[in-house]
K.L.:
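Once you've had a glance at the structure underneath, I'll fire off some questions.
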Amino acid sequence: MESQKRVFCTVFDKNYLYQGVVLYRSLLSHSPDFVLYCLALDEVAVKTLESLQYPHLKVVSLSQLNQGWIEWIKQRTTYGQFCWSMQPVFCHYILEIGEPSVTYLEADSCFFSNPEPLFQELSQDSISLSPHWFTPKFEYLGEQSGKYCTQFNYFKNDDHGRACLEYWREQNFEYRKELPYEVPGQYCLNYFEEKFKGVHVLTNRGAGVAPWNVQQYTLSTKDGVPQVNGKPVIFYHFHQLGSYLEEYFDLGTYPLSETAIDLFYRPYLKELRRVEVEVRVKFPDFNFKKRILAPPSIFKSLFTADLNCLKKAVRGFQRKWFGNYNVIKG
C-alpha cells in the first residue's frame, strides 16, 4: 500500500524563490506529512534554499539531473520554454529515485486547505488532470492552452503513470524558440485520457481556483477558509502576479472583484512580504523577484517613435479603462 506521505515537486529560479517558499509554507500549514522537491534553476536559488534549511524541502540542481540533453534543450528554447520543459523531466527524475508517486505543482500556487480530498478523489488512479474551468468569457483561451492546466499533475510510479509521464516529457521536447506561441507541453494534456489508463480528471472546484475562473464563483469564507460555491478552496494559482514599482503588486490582466482580492491576494501578498523579509535578513544582497514594469504613458510614447512602446502604453490604458488594472499596495 502506498505511503500516505505526499510527494510534491515544483520548478523555479531565483526570481520565483519567494513564491516557491510561500508554496512550501502553505503545504506546511495544510498537509500533515509531505516532502516538496524543488528543481532550482540557477545557483543563486540552489544556495539560498539550501542555506534556509527547510525540513520538508529537498533542493535539486540542474546538474543533479545528470541528463546530457539539458543543454540541447536550452539551445533550442526560450528561457520560459526551458522552464516548462523541465516540469516532466523533474517528475521523471523523482520517480526514478524511487518515490512511489509525485504531484507537480506550480511555484506561484498557494494552498488554503488540506489537499488530501484530491488524493481521496484520485483513489487508485495513476494520473490526475486539473481542468482550467475557464469563466465562460475566457473559454477561447482553451483553444491554445488546452482543457487542462499543469498545476496539480499526479503520477503514480506504476506502468500507467510512467508511460503517461514519458509522453508528457516527449511533448515538452517539442518547444522551439521560433514558435513562441505554441505550447505542446500544455496542449498534450488533452490526450492523456485517450492514450492512457488510470487517468482521473479532478472534479473538486476548490482545486485550481485562478484568475481565469474566479469570476464565475460565489465567494465566501468558513472557519477562516475561502470557499467557492460553498466548497473549501484547496489551492489558488496566482498566475501573472508580480512586483510593480517598489511597494505595489500587479495582480494580472484578468478582472478581479474586491472580494477575490481580499480573500486570496491580500493574504498571499502578506506572506510574500514575510518571506522577503526573512530571506533578506539572512541574505541582504538577495534582490530577486518577478518584476512587472510600469507601462509608459501614451503621451510620452507618442514622441519616442517606438511602436512597441506605444502598444504597451495602449494596453496599460485599456486595462485601466476596462477595470483590469489590478495594481495594489502590498
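What you see is a predicted model; the values in this text were computed from it and never measured.
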K.L.:
Hey, do the aromatic rings of Tyr254 and Phe134 have their centres closer than 6.0 Å?
P.N.:
no

K.L.:
Just checking Lys177: does its NZ atom have more than 12 heavy atoms from other residues, nucleotides or ligands closer to it than 6.0 angstrom?
P.N.:
yes

K.L.:
Can you tell if the side chain of Ser257 reaches within under 4.5 Å of the side chain of Tyr217, non-hydrogen atoms only?
P.N.:
no

K.L.:
Just say parallel, tilted or perpendicular for the rings of Tyr93 and Phe90, cut-offs at 30° and 60°.
P.N.:
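The arrangement is parallel - the two ring planes meet at less than 30°.
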
K.L.:
Minimum heavy-atom separation for Cys83 to Leu41, with atom names?
P.N.:
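Looking at all heavy atoms of both residues, the shortest contact is SG-CD1, 3.5 Å.
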
K.L.:
Residues in salt bridge (Lys or Arg N to Asp or Glu O under 4.0 Å) with Arg280, at least two apart?
P.N.:
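None.
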
K.L.:
Angle class for the Tyr154/Phe119 ring planes (parallel below 30°, perpendicular above 60°, tilted otherwise)?
P.N.:
perpendicular

K.L.:
Any link between Tyr187 and Leu179 through a network of hydrophobic side chains (Ile, Leu, Val, Met, Phe, Trp, Tyr) touching at under 4.5 Å?
P.N.:
no

K.L.:
Using the rule given for ring-ring contact (aromatic ring centres under 6.0 Å, His included), can you reason through Tyr18 versus Phe286, listing the C-alpha separation, both sets of side-chain angles and the distance that settles it, and then say yes or no?
P.N.:
CA-CA 11 Å; Tyr18 295 151; Phe286 188 93; 5.6 Å; yes

K.L.:
So do His132 and Leu141 actually touch side chain to side chain, heavy atoms under 4.5 Å?
P.N.:
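Not touching, per the 4.5 Å side-chain cut-off.
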
K.L.:
For the residue pair Gly161 and Asp158, what are the closest heavy atoms and their distance?
P.N.:
N-OD1, 2.7 Å

K.L.:
Do Tyr79 and Asp13 get their side chains close enough for a donor-acceptor pair, meaning under 3.5 Å?
P.N.:
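Tyr79 vs Asp13: donor-acceptor pair found between side chains.
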
K.L.:
Is any side-chain heavy atom of Glu106 less than 4.5 Å from a side-chain heavy atom of His239?
P.N.:
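In short, these two side chains do not touch, never coming nearer than 4.5 Å.
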
K.L.:
Checking His237 against Gln151: is there a side-chain donor and acceptor pair closer than 3.5 Å?
P.N.:
yes

K.L.:
Do Ile328 and Leu256 belong together in a cluster built from hydrophobic side chains that touch within less than 4.5 Å?
P.N.:
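Yes, Ile328 and Leu256 fall within the same hydrophobic cluster.
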
K.L.:
Could you pull out the closest heavy-atom pair between Val225 and Val233, with the gap in Å?
P.N.:
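Of all heavy-atom pairs spanning Val225 and Val233, the closest is CG1-O, 4.2 Å.
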
K.L.:
What pair of heavy atoms forms the shortest contact from Gly208 to Asn213, and how long is it?
P.N.:
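Of all heavy-atom pairs spanning Gly208 and Asn213, the closest is O-ND2, 3.0 Å.
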
K.L.:
For the backbone of Ser61 and the side chain of Gln64, can you confirm whether one donor and one acceptor N or O come within less than 3.5 Å of each other?
P.N.:
yes

K.L.:
Are Tyr104 and Phe155, when compared by the centres of their aromatic rings, separated by less than 6.0 Å?
P.N.:
no

K.L.:
Hey, is the main chain of Leu105 close enough, under 3.5 Å, to the side chain of Thr10 for a donor-acceptor pair?
P.N.:
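The answer is yes, because a donor-acceptor pair under 3.5 Å joins these two groups.
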
K.L.:
Does any non-hydrogen side-chain atom of Tyr265 lie less than 4.5 Å from one of Leu241?
P.N.:
yes

K.L.:
Could you give all pairs that pass the salt bridge (charged side-chain N to carboxylate O under 4.0 Å, His left out) test and reach residues 119-130, with sequence neighbours left out?
P.N.:
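Every candidate salt bridge (charged side-chain N to carboxylate O under 4.0 Å, His left out) pair involving residues 119-130 fails, so no pair, neighbours aside, qualifies.
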
K.L.:
Name all residues meeting the ring-ring contact (aromatic ring centres under 6.0 Å, His included) criterion together with Tyr191; count only those two or more places apart in sequence or in a different chain, and write none if there are none.
P.N.:
none

K.L.:
Would Gln240 and Trp212 satisfy side-chain contact (heavy atoms from CB on, under 4.5 Å), going step by step from the backbone distance to the final call?
P.N.:
CA-CA 11 Å; Gln240 293 185 338; Trp212 55 75; over 6 Å; no

K.L.:
Of the options Tyr268, Phe264, Tyr236, Phe235, which is the one that meets Cys110 in a side-chain contact (heavy atoms from CB on, under 4.5 Å)?
P.N.:
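The residue from Tyr268, Phe264, Tyr236, Phe235 that satisfies side-chain contact (heavy atoms from CB on, under 4.5 Å) with Cys110 turns out to be Tyr268.
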
K.L.:
Any side-chain donor-acceptor pair under 3.5 Å between Gln171 and Arg169?
P.N.:
no

K.L.:
Quick one: side chain to side chain donor-acceptor pair (under 3.5 Å) pairs with a partner in residues 34-60, sequence neighbours left out?
P.N.:
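Found Tyr37-Glu99, Tyr54-Glu278.
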
K.L.:
Evaluate Cys91 against Ile94 for side-chain contact (heavy atoms from CB on, under 4.5 Å), listing each step before the verdict.
P.N.:
CA-CA 5 Å; Cys91 290; Ile94 292 168; 5.8 Å; no

K.L.:
Got a donor-acceptor contact below 3.5 angstrom from the Ser128 side chain to the His200 backbone?
P.N.:
no

K.L.:
Val275 and side-chain contact (heavy atoms from CB on, under 4.5 Å): which single residue from Val279, Leu272, Val277 fits?
P.N.:
Val279

K.L.:
If we ignore hydrogens and angles and just use 3.5 Å, is the side chain of Gln186 paired with the main-chain N or O of Tyr148 as donor and acceptor?
P.N.:
yes

K.L.:
So, are Glu182 and Arg176 salt-bridged, with charged N and O less than 4.0 Å apart?
P.N.:
no

K.L.:
Apply side-chain contact (heavy atoms from CB on, under 4.5 Å) to the pair Gln4 and Arg6, showing each step before the final yes or no.
P.N.:
CA-CA 6 Å; Gln4 289 303 299; Arg6 299 305 179 187; 3.0 Å; yes

K.L.:
With the side chain counted from C-beta on, respond yes when Tyr24 and Phe34 share a heavy-atom pair under 4.5 Å apart, and no when they do not.
P.N.:
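Contact flag for Tyr24/Phe34 side chains = yes.
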
K.L.:
Answer yes or no: are there more than 12 heavy-atom neighbours, outside Lys282 itself, under 6.0 Å from its atom NZ?
P.N.:
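Enclosed.
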
K.L.:
Hydrophobic cluster mates of Tyr175, side-chain heavy atoms under 4.5 angstrom, ILVMFWY only, any path?
P.N.:
Trp84, Val183

K.L.:
Around atom CD of Gln124, are there more than 12 heavy atoms of other residues, nucleotides or ligands at under 6.0 Å?
P.N.:
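No, CD of Gln124 has 12 or fewer neighbouring heavy atoms, counting only those of other groups under 6.0 Å.
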
K.L.:
Determine yes or no for a side-chain-to-main-chain donor-acceptor pair under 3.5 angstrom, with Asn114 supplying the side chain and His30 the backbone.
P.N.:
yes

K.L.:
Can you name the closest pair of heavy atoms from Thr77 and Ile73 and give their distance?
P.N.:
OG1-O, 2.7 Å

K.L.:
Could you give all pairs that pass the salt bridge (charged side-chain N to carboxylate O under 4.0 Å, His left out) test and reach residues 191-218, with sequence neighbours left out?
P.N.:
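Qualifying pairs, neighbours excluded: none.
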
K.L.:
Minimum heavy-atom separation for Ala40 to Val46, with atom names?
P.N.:
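For Ala40 and Val46, the tightest heavy-atom pair comes out as CB-CG2, 3.5 Å.
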
